[in-house]
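My questions will all concern the structure given below.
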Amino acid sequence: MFDQFRKFETTLAGRPLVVETGKMAQLAGGSVLIRYGETEVLCTATMSDKPREGVDFFPMSIDFEEKLYSVGKIPGSFQRREGRASEKAILAARVIDRPIRPLFPKDMRNDVGIVATVMSVDPDCLPEITAMIGVSIALSISPIPWAGPISGVSVGLVDGKFVINPTAAEREKSEMAVTVASTDELIAMIEAGANEIDNDTMFDAIMFGHKENQRMVEFIKGIQAEIGKPKVDFPSNDPSHEMYEAVKEFAIDDVKAALDTDDKRVRDERLLPIYAAVHEKFDEQFPEETAKLDDCLYKLQKYIVRRWLLDEGKRVDGRGIDDMRPLNAQVDLLSRVHGSGMFTRGQTQVLTVTTLGTIGDAQLLDGIDEEESKRYIHHYNFPSYSVGETKPSRGPGRREIGHGALAERALLPVIPSVEEFPYTIRLVSEVLSSNGSTSQASICGSTLSLMAAGVPIKAPVAGISCGLVTEGDRFMTMVDIQGLEDFFGDMDFKVGGTKKGITAIQMDTKVHGLTPEIVKEAFEKTYKARCKIIDEVILPCIPEPRAELSKYAPKMLTTKIDPEKIGDVIGKQGKVIQKICAECDCKIDIDDDGSVFIASTDLDNAKKALSIVETIAKDPEVGAIYKGVVTRLMSFGAFVEIAPGKEGLVHISHLDVKHTEKVEDVVNVGDEIIVQVLPTDEQGRLNLSRRNALIAVEGLTPENDISDQARKPQRRDGGFRGNRNGKK
């Protein structure tokens with residue numbers, strides 16, 4: 001059964017990498033079980049026999065399947081089985097998709113399905129890197145037309161040195177997390193998060209990873225040469241040369257005139273009659289291929305835009321090559337939210353809203369890595385109206401999840417620690433209008449929103465994209481690409497960062513990859529652009545984070561208690577903490593290490609809750625004075641609760657400054673009274689004195705007027721009980 005079984009071995013970053021073929025999933029077009037350390041991923045690639053009809057794109061899907069058995073977990077869902085892909089799984093699939101997609105034939109319409117099933121996870125060997133290499137091998141040995149292979153590695157910066165595929169411990173200390181994918185010559189994809197890393201260091205890290213990738217590509221080529229299947233032919237979906245040339249000759253001047261505007265709406269309106277005229281002219285001439293006339297017009301627009309850029313240095317909207325579109329920034333657009341900021345770049349406009357919550361509002365994660373929660377969350381929404389369309393909203397797709405993660409990664413290095421700012425922070429970026437680079441506009445809008453909300457970020461962050469047009473050995477880059485330059489160009493190189501350095505990168509290409517010269521030029525241009533955005537747009541709008549939070553935001557107080565006292569604060573079945581929350585109109589979160597977070601929109605209520613918690617958690621000091629509530633009356637005294645679950649006895653001799661005959665003459669159940677802590681008795685019980693408290697606080701003595709209203713016990717509704725004789 002396993003007569004086709006083969007095993008190939010190498011090392012990667014000092015750890016064994018083993019590729020097994022011919023044992024599993026033999027009916028797939030190409031399949032491998034790749035083992036890296038103890039991480040094991042089954043990667044398969046399969047293509048349909050016939051092209052899909054009625055599509056004008058290459059229909060490829062990539063699924064990165066996280067199996068919780070791979071880390072010895074049972075899913076936490078009701079069904080106890082894996083459900084829809086997690087955000088991390090979607091992001092891993094996108095990271096694999098981006099370097100391999102440009103290597104497929106542009107005119108192929110056969111469905112290609114790629115599945116990477118994570119079966120075992122070694123924390124020191126990232127499954128997404130393992131899967132990327134495995135998918136490349138599966139495609140390389142399959143009959144699917146593909147111009148690979150590629151390889152991918154992660155690069156860290158630990159103690160000033162670059163590390164390939166850092167271990168879990170090294171990732172904790174690393175100043176960057178850079179994923180680099182490469183062909184045998186070119187850099188195919190970059191995905192990065194970093195702690196304000198300068199351009200030169202980032203470039204060196206990318207080249208460090210690229211060199212290791214080139215070695216791995218040669219390893220994969222060896223596998224392909226030994227067991228790879230011949231690539232199959234496929235029917236091309238490109239319009240014929242004759243059709244394209246006819247449409248080009250007929251419409252080129254009209255298309256040039258239509259494209260020559262900085263207004264997307266005007267451009268779209270101008271193109272509509274051209275499409276109609278082309279169909280009227282050529283439908284009868286090409287009756288079997290009328291659908292491909294639209295492809296001809298798309299190719300013609302691409303031809304015009306690229307010729308303008310390469311030959312004339314001209315951009316569609318008339319800008320200079322390194323000029324940005326008009327910029328604008330605003331804050332405080334919404335009344336009752338905790339913070340809001342809107343960033344506009346040309347016809348791209350994004351509004352970001354900040355919401356502050358308690359630590360208990362942190363997002364819980366149920367995945368295959370070791371991260372169990374996160375307190376900084378960024379969501380990105382791209383409604384159809386932002387591009388003038390009318391599609392129903394079906395929730396976030398893979399693109400929205402990817403853009404939200406990019407903005408989250410860009411801002412994470414400047415978010416204050418939980419010790420500095422004990423809040424969960426959620427940002428939502430609403431794309432109001434889109435004409436390119438909405439993900440980078442959401443980074444800028446998020447900086448504005450965070451500062452307006454009073455989040456003490458370490459530095460403002462801006463995002464900008466760089467485009468590319470290539471022709472043979474010629475290339476040119478342009479900053480702040482708009483929609484058409486993205487559609488018809490060869491690269492979207494997004495960089496987010498502060499003036500100090502880079503915090504995030506996402507690089508996509510439509511060509512096989514980039515040379516080092518292109519990468520270096522993109523870094524230089526994006527750095528100048530983001531510094532300009534920060535200095536000329538963001539800081540003039542709001543120069544620093546607000547000193548105070550919105551009146552609608554929760555006010556947070558923190559303290560640290562002995563972990564052994566956590567049970568006392570929570571109480572049996574949570575009754576104590578529930579009582580505190582109800583009485584003080586607040587929310588309380590307690591970590592296992594004894595950190596207590598108290599949140600309330602009313603600061604006085606938060607302070608009251610803090611006092612109660614500290615009273616419960618700490619043994620009351622002798623001489624300290626508290627306000628308590630009378631809970632029980634006995635013939636020998638009254639029991640007073642100075643905090644939920646913390647009750648002491650006021651002996652009858654300590655109820656008043658004068659002699660007391662009966663307890664009921666002075667207090668009743670429910671009264672609020674002040675008491676002073678006395679030394680505990682031999683059994684460790686809490687003893688209290690109202691008499692001492694009155695003397696200490698009110699200066700009362702037996703000679704004072706005992707009818708003084710200030711010293712009479714209060715009912716819990718704030719009224720007074722009357723004097724000791726019951727007279728009012």
Side-chain angles (χ1 to χ4, degrees), residues 565 568-569 571-572 575-585 604-605 607-728:
K565 296 288 187 177
D568 295 338
V569 175
K572 187 177 181 181
K575 290 182 179 179
V576 172
I577 198 169
Q578 290 171 12
K579 183 177 180 181
I580 300 171
C581 292
E583 185 176 314
C584 301
D585 190 21
D604 289 338
N605 280 342
K607 290 180 178 178
K608 180 180 177 182
L610 178 64
S611 175
I612 294 173
V613 168
E614 290 183 336
T615 300
I616 297 172
K618 299 176 183 177
D619 293 329
E621 294 182 8
V622 175
I625 294 177
Y626 296 93
K627 179 181 282 189
V629 179
V630 178
T631 57
R632 292 178 291 157
L633 299 184
M634 309 295 287
S635 60
F636 51 82
F639 285 94
V640 176
E641 187 180 63
I642 60 173
K646 184 78 73 173
E647 191 177 67
L649 173 66
V650 179
H651 191 268
I652 191 170
S653 63
H654 279 270
L655 272 177
D656 207 344
V657 293
K658 290 191 174 183
H659 177 72
T660 301
E661 293 288 342
K662 294 174 60 178
V663 173
E664 292 84 350
D665 290 342
V666 181
V667 294
N668 283 326
V669 172
D671 286 345
E672 286 188 349
I673 62 174
I674 58 173
V675 293
Q676 187 180 62
V677 178
L678 300 176
T680 56
D681 59 21
E682 293 179 355
Q683 295 179 330
R685 292 177 297 192
L686 180 63
N687 290 313
L688 306 170
S689 172
R690 179 171 177 263
R691 181 189 66 190
N692 291 7
L694 289 172
I695 294 172
V697 175
E698 304 293 344
L700 296 179
T701 66
E703 289 73 30
N704 292 137
D705 182 6
I706 63 171
S707 64
D708 182 0
Q709 293 289 316
R711 56 172 284 270
K712 294 176 182 175
Q714 280 186 287
R715 298 194 306 268
R716 299 210 70 178
D717 61 5
F720 288 94
R721 287 185 52 246
N723 64 23
R724 295 198 304 173
N725 297 320
K727 296 179 181 179
K728 297 184 180 180

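Counting from 1, the numbers follow the sequence of the chain as shown.
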For Phe639, is there any backbone N or O sitting under 3.5 Å from a side-chain donor or acceptor partner on Thr631? yes
Should we say atom NZ of Lys607 is surrounded by more than 12 heavy atoms from elsewhere, each under 6.0 Å from it? no
One should read off an interatomic distance between Thr680 OG1 and Arg685 CZ, to the nearest 0.5 angstrom, of 10.5 Å
State, to 0.1 Å, how close Pro620 and Ile642 come at their nearest heavy-atom pair, and which atoms those are. CG-CD1, 4.1 Å
Rounding to 0.5 Å, atoms CD1 (Ile625) and CG (Asn692) come to a distance of 8.5 Å
Could you walk me through whether Leu649 and Met634 satisfy the side chain to side chain contact (heavy atoms under 4.5 Å, CB included) test, starting with their C-alpha distance in whole Å, then the side-chain angles of each, then the deciding distance to 0.1 Å, before giving a yes or no? CA-CA 10 Å; Leu649 173 66; Met634 309 295 287; 5.8 Å; no
Testing the basics here: between Ala643 and Ile616, what is the closest heavy-atom pair and its distance to 0.1 Å? CB-CG1, 3.6 Å
Might you point out which heavy atoms bring Val677 and Glu621 nearest each other, and give the distance in Å? CB-O, 3.3 Å
Under the side chain to side chain contact (heavy atoms under 4.5 Å, CB included) rule, what do Tyr626 and Val640 come out as? Steps first, then yes or no, please. CA-CA 10 Å; Tyr626 296 93; Val640 176; over 6 Å; no
Closest heavy-atom pair and its distance - Leu688, Leu686: CD2-CG, 4.0 Å
Report the C-alpha separation of Asp656 and Arg691 in whole Å, then their side-chain angles, then the decisive distance to 0.1 Å, and conclude whether the side chain to side chain contact (heavy atoms under 4.5 Å, CB included) test is met. CA-CA 5 Å; Asp656 207 344; Arg691 181 189 66 190; 6.0 Å; no
Determine yes or no for a side-chain-to-main-chain donor-acceptor pair under 3.5 angstrom, with Gln676 supplying the side chain and Gly623 the backbone. yes
I need the minimum non-hydrogen distance between Leu633 and Ala638, along with the two atoms involved. CD2-CB, 3.8 Å
Under 4.5 Å between any side-chain heavy atoms of Glu672 and Val629, yes or no? yes
Can you confirm whether His654 sits close enough to Leu678 that some side-chain heavy atom of one is under 4.5 Å from a side-chain heavy atom of the other? yes
Rounded to the nearest 0.5 Å, the OG1 atom of Thr615 sits from the CG atom of Leu610 at a distance of 9.0 Å
Can you give me the closest heavy-atom contact between Val576 and Val569, atom names plus distance? CG1-O, 3.1 Å
